[in-house]
Amino acid sequence: MREKILKILEGYDYDKIAIGTLGSHSALNILRGAKDEGFRTVCVCRAREKITYESFGVADEIIEISGYSDLLDRNLQRKLREMNVIMIPHGSFNAYIGRLDEIMIPLFGNRELMLWEIDRKKQREWLERAGLRMPKRFKKPEDIDRLVIVKYPGAMGGRGYFLAVSPEDFYAKARKMVEAGIIREEDIKKAEMQEYIVGANVYFSFFYSPLLKRVELIAVDRRYEPVDGLGRIPAEVQIDAGLHPTYTVIGNFPVVLRESLLAKVLKAGESVVEVSKEIAYPGMIGPFCLEAVFDDNAEMFVFEISARIVAGTNVGIPNSPYSYILWGENMYMGRRIAREIRMGIEKDKLEDLIY
Ligand code: AMP
Ligand code: AMP
């Protein structure tokens with residue numbers, strides 16, 4: 001697969017490389033960053049979101065599609081290749097397309113690692129091999145003996161997640177979710193039951209540079225979810241009113257970490273990159289994110305990894321404290337990606353960045 005993509009890249013005119021992405025998730029970040037680094041930009045988006053990309057003026061070219069899976073259309077792919085487009089994959093590529101092997105356009109990143117991300121078992125294997133502590137996983141609902149969070153496969157942005165404290169509680173709530181049409185019957189079987197860690201959620205967005213051979217911490221965020229509204233309502237009112245707000249992500253806040261915790265976080269980023277080289281050649285390329293919770297003892301539990309840009313990096317435009325300290329200039333994930341591509345072109349090492 002990678003050979004085919006590298007062949008396509010060989011046919012590109014390196015002086016006319018354009019950066020493209022699907023219009024959603026972190027496209028503003030990606031396209032602004034590409035423009036800051038002097039690239040032409042292409043946004044492939046649906047009619048309903050066109051206003052966003054027109055309004056911010058970050059796309060030199062907007063290609064309208066009727067649905068995200070149109071990116072699998074051969075004619076559209078040919079058109080993008082003719083425009084020398086390198087595509088930057090983000091959460092919508094996983095959530096709405098999935099069939100990454102059918103995208104015959106050079107992608108910045110490692111598609112094989114994106115497949116590891118989609119599979120929760122593989123994710124756990126990756127993170128555990130990197131020596132990271134994860135929340136305990138329960139194999140079947142009958143084993144639930146503490147507070148757990150129930151999740152489904154793929155990047156669903158927290159949709160349909162619920163909490164359960166016992167097997168009975170699990171089945172009762174799962175049934176209600178199916179009846180309400182929030183999840184499907186078959187989702188229940190595929191659900192992952194994870195020990196719920198009560199603590200502070202912090203998400204770390206790193207960039208691994210194959211050219212500089214280093215891991216950079218680019219942005220740190222936490223999420224803003226409807227469940228956060230619960231803290232504004234006294235517990236007895238929550239019970240009386242039968243409130244069950246969800247973990248559906250609505251937005252993100254920037255975070256700076258207590259400095260003494262940084263060493264642990266940076267080491268975690270490095271070990272994840274080391275393992276990535278063993279599991280999916282050539283290993284990590286560009287952005288990835290570790291989602292963590294710190295408990296009362298400041299113990300770090302990592303519960304997810306994303307092998308691509310995450311939307312939380314949108315809080316880091318034009319810079320986060322960390323990207324500024326590192327670069328001494330405005331640097332954010334979209335721009336960092338474009339900077340690496342720029343360096344790849346200059347050093348004639350673009351193929352090291354593409355899959
Ligand atoms: P959207 O384009 O907003 O529908 O998002 C595409 C995918 O990325 C969906 O699976 C979303 O749940 C996920 N997503 C979007 N924004 C965020 C965010 N700020 N944090 C985490 N996930 C997100
Ligand atoms: P995810 O889709 O795995 O990124 O999770 C969505 C949200 O669920 C996160 O932003 C957290 O608020 C929460 N969450 C997920 N897993 C855990 C866990 N093991 N412990 C505590 N909170 C969690």
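Indexing begins at 1, ligand by ligand and atom by atom, following the structure's order. Just so it is clear, the structure is predicted and the values come from calculations on it, not from any experiment.
- Proximity of Arg223 to ligand 1, defined as any heavy-atom pair under 4.0 Å, is confined to the side chain (atoms from C-beta onward).
- Remark: Arg342 is positioned above the aromatic ring of Phe39, its terminal NZ or CZ atom under 6.0 angstrom from the ring centre and at most 45 degrees off the axis.
- Using a 4.0 angstrom heavy-atom cutoff, Arg222 does not count as in contact with ligand 2.
- Only the side chain of Asn252 comes within 4.0 Å of ligand 1, counting heavy atoms alone; its backbone N, CA, C and O stay farther away.
- The shortest N or O to N or O distance between Arg120 and ligand 2 is not under 3.5 Å.
- Atoms of ligand 2 lying under 4.0 Å from any heavy atom of Lys151, numbered from 1 in the order shown and given with element: 3 (O), 15 (C), 16 (N).
- At a threshold of 4.0 Å, the pair Lys121-Glu125 does not count as salt-bridged, since none of the basic side-chain nitrogens sits closer than that to a carboxylate oxygen.
- A salt bridge does not link Arg214 to Glu270: none of the charged side-chain nitrogens sits closer than 4.0 Å to a carboxylate oxygen.
- Taking 4.0 Å as the cut-off between side-chain N and carboxylate O, Glu192 and Lys151 do not count as a salt-bridged pair.
- Checked for salt-bridge contact, Arg184 and Asp187 meet the test: a charged N lies under 4.0 Å from a carboxylate O.
- With sequence neighbours excluded, the residues forming a side-chain hydrogen bond (donor to acceptor under 3.5 Å, both in side chains) with Glu64 are Lys50, listed by chain and number.
- Contact annotation: for Val249 versus ligand 2, there are no heavy atoms closer than 4.0 Å.
- Looking at ligand 2, you'll find an N or O of Glu291 within less than 3.5 Å of one of its N or O atoms.
- Ionic pairing of Lys190 and Glu186 is not present here: no N-O contact between side-chain nitrogen and carboxylate oxygen is shorter than 4.0 angstrom.
- Between atom 9 (C) of ligand 2 and the options Tyr203, Tyr161, Tyr196, the minimum heavy-atom separation is to Tyr203.
- The contact set between ligand 2 and Ile149, taken as ligand atoms under 4.0 Å from a residue heavy atom, comprises 8 (O), 13 (C), 14 (N), 15 (C), 16 (N), 17 (C), 18 (C), 19 (N), 23 (C).
- Checking only distances, Tyr96 does come within under 3.5 Å of ligand 1, N or O to N or O.
- Annotation for ligand 1: atoms under 4.0 Å from non-hydrogen atoms of Ala311 are 16 (N), 17 (C), 18 (C), 19 (N).
- Those atoms of ligand 1 with a heavy atom of Ala95 less than 4.0 angstrom away are 10 (O).
- The pair Asp143-Arg137 fails the salt-bridge criterion, with no side-chain N (NZ, NE, NH1 or NH2) lying under 4.0 Å from an Asp/Glu carboxylate O.
- Applying the 4.0 Å criterion to heavy atoms of Tyr247 picks out, from ligand 2, the atoms 8 (O), 12 (O), 13 (C).
- In terms of N/O distances under 3.5 Å, ligand 2 is approached by Ile197.
- For ligand 2 and Glu225, the ligand atoms under 4.0 Å from any heavy atom of the residue are 7 (C), 9 (C), 10 (O), 12 (O).
- Salt bridge present: Glu329 and Arg339 bring a charged side-chain N and a carboxylate O closer than 4.0 Å.
- In summary, the atoms of ligand 2 found under 4.0 Å from a heavy atom of Pro135, numbered by their order in the structure, are 19 (N).
- Annotation for ligand 1: atoms under 4.0 Å from non-hydrogen atoms of Ser24 are 2 (O).
- Taking a cutoff of 4.0 Å between a charged side-chain nitrogen and a carboxylate oxygen, Arg223 and Asp228 do not qualify as a salt bridge.
- Remark: the Trp126 side chain and the Glu117 side chain contain no N/O donor-acceptor pair separated by less than 3.5 Å.
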